[in-house]
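For reference, the structure discussed in these notes is given below.
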Amino acid sequence: MKDRYEVIVIGGGHAGCEAAAAAARMGCAVALVTHRVDTIGTMSCNPAIGGVGKGHLVREIDALDGVMGLAADRAGIHFKTLNMSKGPAVRGPRAQADRKLYRGAVQGILRAQAGLSLLEGEVEDIRPRQGDGFLCVVLGSGEVLHGRAVVLTTGTFLDGRMYVGSDVSVGGRVGSGSAIALAQRLRSLGLPMGRLKTGTPPRLHRDSIVYEGLEAQSGEVPPTPFSAMTASIDNPQVSCFLTRTNAAVHAVIQENLRLSPMYSGLIDGVGPRYCPSLEDKVVRFGDRDSHQIFLEPEGLDSDLVYPNGISTAMPVHVQEAFVRLIPGLAQVRIVQPGYAVEYDFVDPRALGSDLGLLAMPGLYLAGQINGTTGYEEAAAQGLYAGINAALACRGSAPFYLDRADAYIGVLVDDLVNKGVVEPYRMFTSRAEYRLLLRADNADRRLTPRGLEVGCIGDARRGVFEARSEMLSRVRADLVAVVVPGGAQDDGEGVGASGSGPKSGLEILREGEAGRRALARAAPFVDALPPWILETVSADMLYEGYLRRQEADVRAYRRDETLEIGAAIDYQQLPGLSKEVRTVLDAGRPRTIGQAARLSGVTPSAINVLLRYVRREPELAE
């Protein structure tokens with residue numbers, strides 16, 4: 001083991017893998033340090049990648065040459081696009097993955113990455129080295145690694161505690177330990193920290209489930225890949241099954257609620273509101289007779305099934321009682337009980353917009369340590385932090401994505417400006433400019449940005465250039481196609497607006513009827529890759545709205561680029577309330593746009609700041 005690197009990444013989860021791979025792609029000598037190398041890329045909770053909002057993040061990670069989309073394609077055994085009945089802007093690609101294949105895919109990508117070393121060890125301390133800007137990473141073995149930048153991605157392991165009823169054990173995941181010494185070190189820095197909670201359902205043996213009478217959920221045919229680098233999905237595809245809780249299940253939960261560590265007072269941490277435990281569902285939604293449960297196979301050759309929807313930390317005997325009241329599970333065998341995990345996090349308002357820790361220059365935080373939940377949110381932060389760590393080593397300006405660039409920009413901006421009061425999860429509703437930030441156009445938005453900073457490899461550059469050329473050519477070909485008036489009516493009772501002829505591009509505004517009419521007028525479209533028509537159709541469908549949203553973005557960026565200045569004394573600025581001064585002092589926004597998104601900052605306060613920034617006479621004196 002050598003002891004000097006440019007970037008040291010701590011943690012081998014989704015955030016750490018993306019951070020290490022990104023920094024290495026940019027030419028840095030990188031060490032990824034984790035407790036056990038063979039657990040790198042483990043899916044600790046649900047065996048799935050993507051979904052609504054989350055799928056957008058995966059496509060953006062892929063557009064910046066990240067790991068997650070490619071690994072999901074190599075491991076995917078059930079692909080489905082969520083929200084298909086809604087507009088293209090909110091459709092979310094999702095893939096059920098084989099856990100073993102996913103872990104193997106991630107490890108294979110990392111091992112093939114030049115400049116990246118995988119090291120085993122427990123990190124106990126991070127401290128600046130005197131005089132030269134390096135950071136020292138101290139391992140439990142006594143060895144010390146030296147790096148110009150460090151990315152800390154602790155997941156649920158930072159002083160992690162696991163709960164099953166009243167039983168408490170140390171660890172951030174079954175079979176793994178807890179980063180206790182590192183948590184104590186971070187607390188010693190005086191950082192704003194708290195506790196959060198997450199949970200997981202019991203794992204069921206597949207042969208003990210009776211599938212007869214349950215609703216089968218099949219995937220897409222053919223599957224739609226996440227990555228632009230994936231030509232086809234080659235794994236066998238499987239079905240999931242749908243069942244539900246019922247009044248008898250809810251009664252068992254209510255009768256034993258005092259035994260849940262969330263309700264007995266054992267756990268103080270706040271859990272994810274949008275992914276609640278079964279106990280929370282029964283309490284918070286008392287008017288509901290049932291809740292959906294998706295029975296998801298954990299792998300092609302795995303005996304385990306993941307019952308998505310019944311996360312719980314009830315005692316084992318209570319879990320056995322209520323699970324066997326669920327249709328299809330009367331004789332089920334629980335292989336591993338569900339449990340809750342409570343862990344430390346750092347208030348992300350202690351970070352800059354590059355995810356660097358303000359209290360220790362050169363140290364970046366990414367993933368659940370910043371108060372988020374979910375693989376995709378963690379991976380997006382890891383990629384972002386890894387890029388910025390590499391740029392810091394070069395002495396280059398940080399890489400920023402704003403709210404109009406990407407969902408990654410929305411995620412980072414929300415974290416560092418608003419902080420979190422519960423585990424943060426990405427939704428399409430968080431993005432003001434979601435018509436522009438579609439999953440289908442992630443590469444057009446972000447790959448050029450990645451090329452600018454050097455995080456895009458040669459293979460992806462070639463694929464991006466080929467896809468861009470193909471897209472331009474197809475658009476030109478469609479402009480030349482003439483679809484005669486009335487041709488849109490295909491006998492299925494669907495007509496087009498107006499009766500005059502339209503170009504092949506214009507007819508795509510008519511949705512599925514337009515696509516069918518185009519296929520009759522221009523048979524060559526049937527041979528096009530599905531992603532091309534998806535992208536062109538979305539562009540045409542939203543064309544008028546996009547012009548208006550682009551105008552909104554220009555207005556947003558006018559304020560976003562107005563620097564407030566670090567030296568401003570909010571206490572001396574007339575026209576601000578005491579409450580607003582307190583919020584601005586705590587948040588220290590870099591720009592007017594960031595200030596406007598701080599909770600408690602009013603429009604009138606923004607007008608005061610605008611006058612200050614523009615140095616209008618009454619405030620300039």
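Excluded from the calculations below are hydrogen atoms, water molecules and symmetry mates; all remaining heavy atoms, backbone and side chain alike, are included. The chain is numbered in sequence order, starting from 1.
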Legend entry - More than 12 heavy atoms of other groups within 6.0 Å of Asp207 CG: yes
Inset, instruction - Answer yes or no: is there a donor N or O on one side and an acceptor on the other, between the side chain of Gln237 and the main chain of Gly76, under 3.5 Å? - result: yes
Legend entry - Pairwise side-chain contact, Leu411 with Tyr384, heavy-atom cut-off 4.5 Å (strictly under): no
Inset, instruction - Using ring-ring contact (aromatic ring centres under 6.0 Å, His included) as the criterion, list what pairs up with Phe241, not counting sequence neighbours. - result: Tyr211
Legend entry - Flag, side chain of Arg185 to backbone of Ile126, donor-acceptor distance under 3.5 Å: yes
Legend entry - Check: Glu120 main-chain N/O paired with Thr34 side-chain donor or acceptor under 3.5 Å: no
Inset, instruction - Working to the nearest 0.5 Å, report the span between CD1 of Ile253 and OG of Ser277. - result: 8.5 Å
Legend entry - Asn83 side-chain N/O to Val90 backbone N/O, donor-acceptor pair under 3.5 Å: yes
Inset, instruction - Please work out which of the three classes, parallel, tilted or perpendicular, describes the rings of Tyr407 and His56, given edges at 30° and 60°. - result: tilted
Inset, instruction - Can you measure from OH (Tyr102) to CD (Gln96) and round to the nearest 0.5 angstrom? - result: 13.0 Å
Inset, instruction - Output yes when a side-chain donor or acceptor of Thr153 lies under 3.5 Å from a complementary backbone atom of Ala366, and no otherwise. - result: no
Inset, instruction - Indicate whether the side chain of Ser290 and that of Arg244 have a donor and an acceptor atom separated by less than 3.5 Å. - result: yes
Inset, instruction - Compare every heavy atom of Leu204 with every heavy atom of Val335, then report the nearest pair and how far apart it is. - result: CG2-C, 4.2 Å
Legend entry - Gap between atom CG of Asp344 and atom OG1 of Thr154 - 0.5 Å precision: 8.5 Å
Legend entry - Side-chain ion pair, Glu220 and Arg91, N-O less than 4.0 Å: no
Legend entry - Student check: side-chain heavy atoms of Asp159 and Arg195 closer than 4.5 Å: yes
Legend entry - Stepwise side-chain contact (heavy atoms from CB on, under 4.5 Å) test for Glu124 and Leu139: CA-CA 6 Å; Glu124 294 191 345; Leu139 306 184; over 6 Å; no
Inset, instruction - Taking all heavy atoms of Thr312 and all of Pro202, pick out the closest pair and write down the distance. - result: CG2-CD, 3.9 Å
Inset, instruction - First locate atom SG of Cys17, then atom CD of Gln107, and finally report the distance between them rounded to the nearest 0.5 Å. - result: 8.0 Å
Legend entry - Backbone N/O of Met84 and side chain of Thr81: donor-acceptor pair under 3.5 Å: no
Legend entry - Pro93 side chain reached by Arg59 side chain, heavy atoms, under 4.5 Å: yes
Inset, instruction - Spell out, as yes or no, whether a donor-acceptor pair under 3.5 Å connects the side chain of Glu342 to the backbone of Gly269. - result: yes
Legend entry - Student check: side-chain heavy atoms of Arg203 and Tyr306 closer than 4.5 Å: yes
Inset, instruction - Measure the CD-OG distance between Glu122 and Ser178 for me, rounded to the nearest 0.5 Å. - result: 8.5 Å
Legend entry - Heavy-atom pair with the smallest gap, counting every atom of Arg284 and Pro276: NH1-CB, 3.6 Å
Inset, instruction - Could you verify whether a donor N or O on one side chain and an acceptor N or O on the other, from Asn370 and Gln381, lie under 3.5 Å apart? - result: yes
Inset, instruction - Indicate the atoms forming the closest heavy-atom contact of Ala31 with Leu119, along with that distance. - result: CB-CD1, 3.8 Å
Inset, instruction - With Glu298 as reference, evaluate Lys100, Arg103, Arg99, Arg206 under the salt bridge (Lys or Arg N to Asp or Glu O under 4.0 Å) test and give the passing residue. - result: Arg99
Inset, instruction - Could you check Arg403, Arg349, Arg430 and say which one makes a salt bridge (Lys or Arg N to Asp or Glu O under 4.0 Å) with Asp413? - result: Arg403
Legend entry - Verdict with supporting geometry, Gln113 and Val30, side-chain contact (heavy atoms from CB on, under 4.5 Å): CA-CA 10 Å; Gln113 177 61 58; Val30 180; over 6 Å; no
Inset, instruction - Measure the shortest side-chain to side-chain distance between Val58 and Lys54 over non-hydrogen atoms and say whether it is less than 4.5 angstrom. - result: no
Legend entry - Where Tyr424 and Val420 come nearest, the two heavy atoms and their spacing: CB-CG1, 3.9 Å
Legend entry - side-chain contact (heavy atoms from CB on, under 4.5 Å) assessment of Glu376 paired with Met426: CA-CA 9 Å; Glu376 302 81 3; Met426 179 52 68; over 6 Å; no
Legend entry - Qualifying residue, where the test is side-chain hydrogen bond (donor to acceptor under 3.5 Å, both in side chains) with Asp73 and the options are Thr224, Thr230, Asn235: Thr230
Inset, instruction - Using modelled atom types only, decide if a donor and an acceptor are shared between the side chain of Gln217 and the backbone of Cys240 within a distance under 3.5 Å. - result: no
Inset, instruction - Please examine the side chains of Pro236 and Leu300, heavy atoms only from C-beta on, and report whether any two atoms are closer than 4.5 Å. - result: yes
Legend entry - Shortest non-hydrogen contact from Lys197 toward Ile267: CG-CG2, 4.1 Å
Inset, instruction - Find the distance between CG (Leu357) and CG (Leu152) and round it off to the nearest 0.5 Å. - result: 9.0 Å
Legend entry - Backbone of Ile408 reached by a side-chain donor or acceptor of Glu60 within 3.5 Å: yes
Legend entry - Asn388 side chain to Tyr364 side chain, donor-acceptor N/O pair below 3.5 angstrom: no
Inset, instruction - For the residue pair Leu329 and Ile209, establish whether any side-chain heavy-atom pair is separated by less than 4.5 Å. - result: yes
Legend entry - Any donor-acceptor N or O pair under 3.5 Å, side chains Gln368, Thr198: no
Legend entry - Thr372 side chain to Gly367 backbone, donor-acceptor under 3.5 Å: yes
Inset, instruction - Answer yes or no: is there a side-chain heavy-atom contact under 4.5 Å between Glu422 and Pro272? - result: no
Please tabulate, for the side chains in residues 245-252, all donor-acceptor contacts under 3.5 angstrom to protein atoms that are two or more places apart in sequence or on a different chain.
unit_1	atom_1	unit_2	atom_2	d
Thr245	OG1	His250	NE2	2.9
Thr245	OG1	His291	N	2.8
Asn246	OD1	Ala248	N	3.1
Asn246	OD1	Val249	N	2.9
Asn246	ND2	Leu325	O	2.9

Legend entry - Leu158/Met193 under side-chain contact (heavy atoms from CB on, under 4.5 Å): CA gap, chis, key distance, verdict: CA-CA 11 Å; Leu158 197 61; Met193 297 178 66; 4.2 Å; yes
Inset, instruction - Tell me, yes or no, whether the heavy-atom count around Gln336 atom CD, taken from other residues, nucleotides or ligands under 6.0 Å, exceeds 12. - result: yes
